[in-house]
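First comes the structure, then the notes that go with it.
Counting starts at 1 for both ligands and their atoms, following the listed order.
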Amino acid sequence: MKFKGIIFDLDGVLVHTDKLHYRAWKKIADARGIPFNEEMNNLLRGVSRMESLEIILRNYHGPALSAEEKEAIAEEKNRYYREELETMTPEDVTEEVRESLTALKAAGIKVAVGSSSKNTRFILKQVGLDKIFDGVSDGTNITKSKPDPEVFLKAAEYVSLAPADCLVVEDAVAGIEAAKSGGMKAAGIGDAASCEKTDYRIAALADLKDIVL
Ligand code: B16
Ligand code: MG
């Protein structure tokens with residue numbers, strides 16, 4: 001076995017909450033006349049909520065906002081996002097994802113989540129993935145978000161594995177960088193598949209068994 005554990009990013013890898021993040025940020029941007037489109041949304045992949053807001057505000061040219069006002073905007077965005085998350089069901093996880101996780105576990109691989117999202121546990125419950133993971137590291141247990149490796153180092157710790165024994169699966173360049181600076185190998189899917197630091201390019205999670213076993 002090449003790896004003893006796999007750490008999965010959540011948004012963009014296990015589930016497609018990226019569209020829901022986009023719709024919530026779009027409401028915030030439109031209400032304030034800030035230009036925002038799906039291409040700009042890609043810059044927010046794997047980035048924390050407050051850092052995402054700062055990126056969006058680069059195109060805001062109104063009066064300066066206080067820290068409290070920014071907090072309030074981030075909370076408003078999260079309310080819109082949570083309304084969207086309420087509508088998620090187990091059908092929002094593909095059979096391919098569910099079967100891949102089950103097969104990897106059956107082969108003796110530890111599976112963990114490494115996500116910047118503070119909504120991770122709620123999302124996992126909504127889609128019925130809350131029982132399958134051996135460890136969950138998310139936005140609630142870190143002080144620095146991707147590209148800092150903290151979220152993945154904690155995930156490895158939670159499943160009692162050394163970073164070098166773990167493969168990280170990511171859709172964001174910030175996530176690939178986080179994995180590499182944490183001493184882990186990284187598999188890129190979607191946007192991250194073209195990142196030059198990616199060790200393995202995958203089209204689907206079903207490809208992982210050929211890499212890890
Ligand atoms: P929340 P990941 C990330 O999830 C998203 O890609 C990113 O767009 C979002 O801002 C971040 O979570 C924080 O999410 O507002 O729910 O705490 O890709 O690291 O699973
Ligand atoms: Mg992601």
Side-chain angles (χ1 to χ4, degrees), residues 6-29 36-58 70-88 92-93 97 111-127 129-130 133 135-155 167-179 182 184 186-195 197-198 202 204-205:
I6 305 186
I7 304 170
F8 294 88
D9 170 55
L10 180 64
D11 170 47
V13 171
L14 297 172
V15 287
H16 286 283
T17 39
D18 34 4
K19 293 185 198 81
L20 312 185
H21 278 295
Y22 173 67
R23 288 207 287 264
W25 282 126
K26 182 74 179 148
K27 278 191 200 169
I28 294 289
F36 186 63
N37 57 29
E38 296 208 32
E39 202 183 319
M40 290 151 88
N41 191 57
N42 279 338
L43 301 174
L44 314 182
R45 286 179 189 278
V47 177
S48 74
R49 197 179 308 161
M50 286 311 287
E51 284 164 317
S52 298
L53 176 61
E54 291 297 343
I55 292 172
I56 290 168
L57 290 177
R58 284 182 200 156
K70 288 181 185 174
E71 279 290 341
I73 296 173
E75 272 172 33
E76 184 185 339
K77 182 267 174 174
N78 197 47
R79 280 199 300 279
Y80 298 144
Y81 181 54
R82 294 279 296 208
E83 281 169 18
E84 299 266 10
L85 293 180
E86 294 279 356
T87 68
M88 289 188 91
D92 288 301
V93 171
V97 167
V111 293
V113 173
S115 167
S116 301
S117 176
K118 292 184 173 162
N119 293 298
T120 294
R121 289 187 189 266
F122 181 62
I123 296 167
L124 293 177
K125 200 155 188 3
Q126 287 294 94
V127 301
L129 286 181
D130 52 326
F133 291 100
V136 174
S137 171
D138 64 24
T140 65
N141 61 254
I142 54 171
T143 55
K144 285 163 274 169
S145 83
K146 302 168 189 174
D148 189 279
E150 186 180 9
V151 72
F152 295 138
L153 292 175
K154 288 263 169 66
L167 175 70
V168 167
V169 186
E170 260 290 348
D171 72 311
V173 175
I176 299 285
E177 285 171 355
M184 300 166 188
I189 192 166
D191 260 27
S194 50
C195 170
K197 290 186 184 164
T198 297
I202 60 167
L205 298 196

Using a 4.0 Å cut-off to any heavy atom of [X], which atoms of ligand 1 qualify?
X: L10; result: 20 (O)
X: K146; result: 2 (P), 19 (O)
X: R45; result: 6 (O)
X: N119; result: 1 (P), 16 (O)
X: Y81; result: 16 (O)
X: S115; result: 2 (P), 4 (O), 19 (O), 20 (O)
X: S52; result: 10 (O)

Could you give me the CA-CA distance, side-chain angles and deciding distance for D11 and T17, then say whether side chain to side chain donor-acceptor pair (under 3.5 Å) is met? CA-CA 5 Å; D11 170 47; T17 39; 2.8 Å; yes
Can you pull out the closest protein heavy atom to [atom]? Residue, atom name and distance to 0.1 Å, please.
atom: atom 15 (O) of ligand 1; result: R49 NE, 2.7 Å
atom: atom 8 (O) of ligand 1; result: L44 O, 2.9 Å
atom: atom 18 (O) of ligand 1; result: D9 OD1, 2.9 Å
atom: atom 9 (C) of ligand 1; result: V47 O, 3.2 Å
atom: atom 5 (C) of ligand 1; result: D11 OD2, 3.1 Å
atom: atom 17 (O) of ligand 1; result: K118 N, 2.7 Å

Closest approach of [X] and [Y], non-hydrogen atoms and distance?
X: L14; Y: D9; answer: CG-O, 3.5 Å
X: F36; Y: K26; answer: O-NZ, 2.9 Å
X: A172; Y: A192; answer: N-CB, 3.7 Å
X: F152; Y: A179; answer: CD1-N, 3.8 Å
X: G175; Y: K146; answer: CA-CD, 4.0 Å

Do [X] and [Y] have side chains that approach each other closer than 4.5 Å (heavy atoms only, starting at C-beta)?
X: L53; Y: L57; value: yes
X: I28; Y: I56; value: no
X: N119; Y: N78; value: yes
X: M50; Y: E71; value: yes

Could you check which N/O/S atom of [X] is closest to the Mg ion (ligand 2)?
X: D11; result: O
X: D171; result: OD1
X: D9; result: OD2

Using non-hydrogen atoms of the residue, decide whether G46 is closer than 4.0 angstrom to ligand 1.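 So G46 counts as touching ligand 1.
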Where the side chain of T198 meets the backbone of I176, is there a donor-acceptor pair that is under 3.5 Å apart? no
